[in-house]
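Written out below as structure tokens is the structure these notes cover.
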Amino acid sequence: MDMKQSLAELIAQAIESCYAGVPELPTVADISGYLEIPPEKEMGDYAFPCFKLSRALHKGPPQIAGMLATAIDAPNLCEAKQQGGYLNFFLHRSNFAQQSLNAVLDAGDRYGASDVGANKTICLDFSSINIAKRFHIGHLSTTMIGQSLRRIYTFLGYQTVAINYLGDWGTQFGKLLCAYQRWGNQAEVERDGVEALTRLYVRFHEEAESDPALEDEGRKWFKAIEDGDAEAVRLFTLFKELTLRDTQRVYDMLGVTFDSYNGEAFFNDKMGRVIDELTQKKLLTVSEGASIVDLDEEHTGMPPCLVLKKDGATLYATRDIAAALWRMDEYHFDKCLYVVAYQQDLHFRQWFKVIEKMGYEWAKDLVHVAFGMISYEGQSLSTRKGHVVFLEELLLSAKEKALKIIEEKSPNLENKDEIARQVGIGAVIYADLQNNRIKDIDFSWDRALSFEGETGPYVQYTHARCCSVLRRAAELDPAEPEYAALEDDYAQELLRQLSRFPAAVREAAERYEPSIMTRTVTELCKAYNKFYYENRILDAESGVREARVRLTTAVRQTIKTGLYLIGMEAPERM
RNA sequence: GUGCCCGUAGCUCAGCUGGAUAGAGCGUCAGACUCCGACUCUGAAGGCCACAGGUUCGAACCCUGCCGGGCAUACCA
């Protein structure tokens with residue numbers, strides 16, 4: 001049931017009957033687009049601004065609203081009133097309650113889902129960790145935004161491909177091998193994993209300052225990897241496995257999974273095609289010794305895209321282009337999203353343009369889903385300087401804090417450890433996805449571990465509260481619901497929040513913006529807590545109770561779905 | 001210099017793509033548990049929506065300019 005659609009049809013009929021024959025009347029779709037939700041309850045549930053019709057009808061908006069108000073007669077759906085230039089709709093409260101509740105309860109955990117994405121594929125390139133680097137808070141946003149978008153698109157019926165485009169190629173790995181040969185040993189790296197690799201890498205840079213010859217040695221080792229030297233490849237493969245092993249612990253805590261780990265190394269032998277095609281399409285020119293694609297012919301203001309270095313080596317744009325071509329062949333994606341920080345905006349605009357110039361119309365389906373920078377105490381993160389917060393450390397702290405609160409407030413809870421994990425990590429995820437992704441974040445322990453106000457635990461608490469009510473309700477005799485019991489303002493506001501949920505999912509997908517889900521779920525929880533405070537549920541008269549229980553069931557279900565879509569778990573007790 | 005992004009309450013941020021008196025959380029102050037989970041709820045104080053023009057019946061939102069900040073700007077990724 002789509003309320004906007006129903007109202008729009010009603011309005012269209014009214015316009016037709018009042019102003020038959022007038023040219024340029026709006027269509028039902030236009031009207032549906034104009035409909036808005038008024039800022040105050042006194043103004044009704046929906047509003048149609050008649051200013052839009054003023055010109056076509058040559059009448060004042062209040063006059064039009066008045067005419068339409070008298071022409072509309074649908075007592076079971078709503079009452080229409082003229083207020084200023086607005087035509088305001090007051091929904092028939094108990095019918096609205098019944099319809100909106102049924103919509104949720106009939107759909108169950110599919111409420112808000114859809115099949116608009118059927119037979120369409122979306123590739124999501126996110127998280128994209130670097131080999132030999134520990135997972136830190138700078139990787140959280142790409143990972144959780146990607147994960148959330150993946151769930152949202154899947155929920156809307158799309159086929160999704162989650163790709164962890166590993167940073168597993170480049171001269172830095174030659175340096176690492178060099179450092180390992182000089183100062184490392186297998187037992188140490190196997191024991192300490194990425195930690196040990198990082199130490200080696202840091203030491204390399206320290207020593208290289210006084211011994212520049214190391215740089216050459218590093219390059220030599222990288223060449224060895226490139227040439228397939230057995231020992232170099234063995235070591236590099238080992239480092240890669242160690243990194244993935246360590247990182248997997250974090251992914252497991254966050255509940256994140258991938259369909260592909262094809263990273264830079266995977267595409268290393270697939271770049272000839274890019275060069276061949278660019279040459280054949282006469283897009284490649286040589287400038288200052290490097291091979292470039294000029295992008296300023298159409299005055300885009302963009303600097304050229306470098307495809308080959310002076311020495312003939314490929315660059316990261318080359319690799320990204322190769323990867324995009326390969327993914328199109330492999331997955332036939334309808335969209336390919338790159339969840340990468342906004343620093344790389346120019347880079348993406350450049351190589352997207354190259355794809356376009358190559359004649360691929362699907363260049364328009366490549367989307368850079370940019371997000372803000374994360375800093376720590378006002379400074380940029382730096383593993384090398386030790387100015388960094390590791391994700392594992394953060395998640396474990398969050399869990400610990402949750403456990404402490406649980407011990408205090410719910411000492412008899414079963415599975416305290418598991419619940420603490422869900423709550424602590426939920427708090428971190430929620431905080432990460434709370435605001436528009438483009439916002440910069442200055443990480444603070446206080447904020448990341450805050451459990452008060454609009455936070456993850458607040459939403460999870462509301463869910464647990466619903467579950468608690470429903471557990472008790474299950475012991476009582478069922479009854480026929482009396483929807484008239486849901487006519488109060490608190491229940492109506494709650495129903496409105498529920499009815500908006502499906503549109504919120506669609507909008508989150510359209511705007512690649514998980515925070516829309518976070519906020520929608522939060523508003524739903526606020527509305528439920530107010531409703532709960534104002535209305536008795538279990539000890540109400542049976543018909544009333546049943547209606548309120550059904551409402552609680554719908555809320556519980558929708559919170560759970562919403563949390564799932566932002567990558568959070570919904571414990572039933574906490 | 002040029003390009004992209006961001007300026008909304010003391011702090012962190014929403015604002016449904018142009019609508020009615022600009023909202024929330026934190027913090028501050030004042031309240032509500034003999035009652036279904038107080039990790040909850042209620043109220044108060046707090047605003048030249050950076051600034052100036054323009055378009056419009058109507059602008060925090062669109063256009064132009066300007067100020068402040070971030071990022072990027074050829075052989076790292």
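Below, chains carry the letters A, B, ... as their sequence lines are ordered, and counting in each starts from 1.
One P atom belongs to B:U21, the other to B:U28, and the distance between them is 33 Å to the nearest Å. When the C1' atom is used for both B:C36 and B:G27, the distance is 32 Å, rounded to whole Å. Atom name C1', nucleotides B:A44 and B:C5: the rounded distance is 37 Å, in whole Å. Between B:C4 and B:A59, the distance separating the two C1' atoms is 24 Å to the nearest Å. Across the C1' atoms, B:A22 and B:G46 are found 14 Å apart, a figure rounded to whole Å. Comparing B:C61 with B:G54, their C1' atoms are spaced 15 Å from each other, to the whole Å. When the P atom is compared between B:G70 and B:A24, the two are found 32 Å apart, to the nearest whole Å. Here the separation of B:G18 from B:A60, taken at their P atoms, is 13 Å to the nearest Å.
Contact annotation: A:R55 side-chain N/O to B:C57 OP1/OP2 distance is under 4.0 Å. Taking side-chain N and O atoms only, A:K409 has no distance below 4.0 Å to OP1 or OP2 of B:G37. For the pair A:N529 and B:U40, the criterion of a side-chain N or O lying under 4.0 Å from OP1 or OP2 is not met. Considering only side-chain N and O atoms, A:R319 lies under 4.0 angstrom from the phosphate OP1 or OP2 of B:A77.
Using a 4.0 Å heavy-atom distance criterion, A:Y458 is classed as a sugar-phosphate-only contact. Counting any heavy atom pair closer than 4.0 Å across all strands shown, A:R573 reaches a base atom. Within 4.0 Å (heavy atoms only), A:D446 reaches no atom of the nucleic acid at all. A:L315 comes within 4.0 angstrom of sugar-phosphate atoms only, judged by non-hydrogen atoms across all strands, and of no base. Within the 4.0 angstrom heavy-atom criterion, no nucleotide atom of any strand lies near A:D442. Counting non-hydrogen atoms under 4.0 angstrom, A:K133 reaches nothing in the nucleic acid. Among the atoms of the strands shown, none is found under 4.0 Å from any heavy atom of A:I516. If you check every strand for non-hydrogen atoms under 4.0 Å, A:M302 touches nothing. Among the atoms of the strands shown, only primed sugar atoms or phosphate atoms (P, OP1, OP2) are found under 4.0 Å from some heavy atom of A:R519. Heavy atoms of A:L346 sit under 4.0 angstrom from primed sugar atoms or phosphate atoms, though from no base atom. Residue A:E264 is in sugar-phosphate contact alone, with no base atom involved, counting any heavy-atom pair closer than 4.0 Å across all strands shown. When heavy atoms are screened at a 4.0 angstrom cut-off, A:N436 is found touching the sugar-phosphate backbone but no base atom. If you check every strand for non-hydrogen atoms under 4.0 Å, A:E572 touches a base. Nucleic acid contact for A:K530: sugar-phosphate only, since backbone atoms but no base atoms lie under 4.0 Å from a heavy atom of the residue.
Inspection of the A:S141 and A:D432 side chains reveals an N or O donor paired with an N or O acceptor under 3.5 Å.
Side-chain proximity of A:I292 to the nucleotides B:G3, B:C36, B:A74 is greatest for B:A74. The listed nucleotides are B:C39, B:C71, B:C41; the one nearest the side chain of A:I406 is B:C39. Nearest to the side chain of A:K439, among B:C35, B:C6, B:G37, sits B:C6. Looking at the side chain of A:A464, the nearest of the listed nucleotides B:G25, B:C57, B:G37 is B:G37. With B:G37, B:C16, B:C41 as the candidates, the nucleotide lying closest to the side chain of A:Y533 is B:C41. Which of B:U17, B:C39, B:C36 sits closest to the side chain of A:R511 comes down to B:U17. Taking the side chain of A:N435 as heavy atoms from C-beta on, and the options B:C57, B:A14, B:C36, the nearest nucleotide is B:A14. Considering only the side chain of A:E452, B:G27 comes nearest among B:G27, B:C36, B:C41. Among B:C16, B:A77, B:C5, the nucleotide with an atom closest to any side-chain atom of A:I438 is B:C5. The side chain of A:V469 has B:C36 as its nearest neighbour among B:C71, B:C36, B:U12.
For a distance-only test at 3.5 Å, the side chain of A:D320 fails to qualify as a donor-acceptor partner of the base of B:A77. Between the side chain of A:R465 and the base of B:C39, no donor-acceptor pair of N or O atoms lies under 3.5 Å. Judged by distance alone with a 3.5 Å cut-off, a donor-acceptor contact links the side chain of A:S287 to the base of B:A74.
Base pairing annotation: B:A52 forms a Watson-Crick or G-U wobble pair with B:U64, both donor-acceptor distances under 3.5 Å. The nucleotide B:G37 finds no pairing partner, because no Watson-Crick or G-U wobble arrangement with both distances shorter than 3.5 Å includes it. B:U42 is paired with B:A30 under the criterion used here, namely a Watson-Crick or G-U wobble arrangement in which both key atom distances are under 3.5 Å. With a cut-off of 3.5 Å on both pairing distances, B:G58 has no Watson-Crick or G-U wobble partner at all. The partner of B:C71 is B:G3, judged by Watson-Crick or G-U wobble contacts that both fall below 3.5 Å.
Counting only distance, with no hydrogens or angles, the side chain of A:Q5 and the backbone of A:L7 share no donor-acceptor pair below 3.5 Å.
One finds no salt bridge joining A:R447 and A:D442 here, because no Lys/Arg side-chain nitrogen approaches an Asp/Glu carboxylate oxygen to under 4.0 Å.
Rounded to an integer number of Å, the gap from A:E42 CD to B:U21 P is 13 Å. Rounded to whole Å, atom P of B:A38 lies 14 Å from atom CD of A:E534. Per the geometry, CZ belonging to A:R471 stands 14 Å off P belonging to B:C36, to the nearest Å. B:C5 atom P lies 12 Å from atom NE2 of A:H368, rounded to whole Å. When rounded to the nearest whole Å, the span between CZ of A:F451 and P of B:G37 equals 22 Å. Atom CZ of A:F443 and atom P of B:U12 are 16 Å apart (whole Å). Rounding to whole angstrom units, NZ of residue A:K526 and P of B:C41 are separated by 9 Å. Rounded to whole Å, atom C1' of B:G58 lies 12 Å from atom CD of A:E36.
Aromatic rings from A:Y342 and A:H368 are positioned such that their centres are separated by 6.0 Å or more.
Shortest non-hydrogen contact noted between A:V549 and A:A473 is CG2-CB, 3.8 Å.
Within 6.0 Å of atom NZ in A:K560, 12 or fewer heavy atoms from other residues, nucleotides or ligands are found, so the atom counts as exposed in its surroundings.
Once rounded to the nearest 0.5 Å, the distance linking CZ of A:R573 with SG of A:C467 reads 9.0 Å. How far CD1 of A:I11 is from CD1 of A:I31: 6.0 Å, rounded to the nearest 0.5 Å.
By the rule that a glycosidic angle within 90° of 0 means syn, B:C33 counts as syn.
When A:W221, A:W169, A:F173 are each tested for a ring-ring contact (aromatic ring centres under 6.0 Å, His included) with A:F236, only one passes: A:F173.
The aromatic rings of A:F352 and A:Y338 lie tilted to each other, with the angle between the two planes from 30° to 60°.
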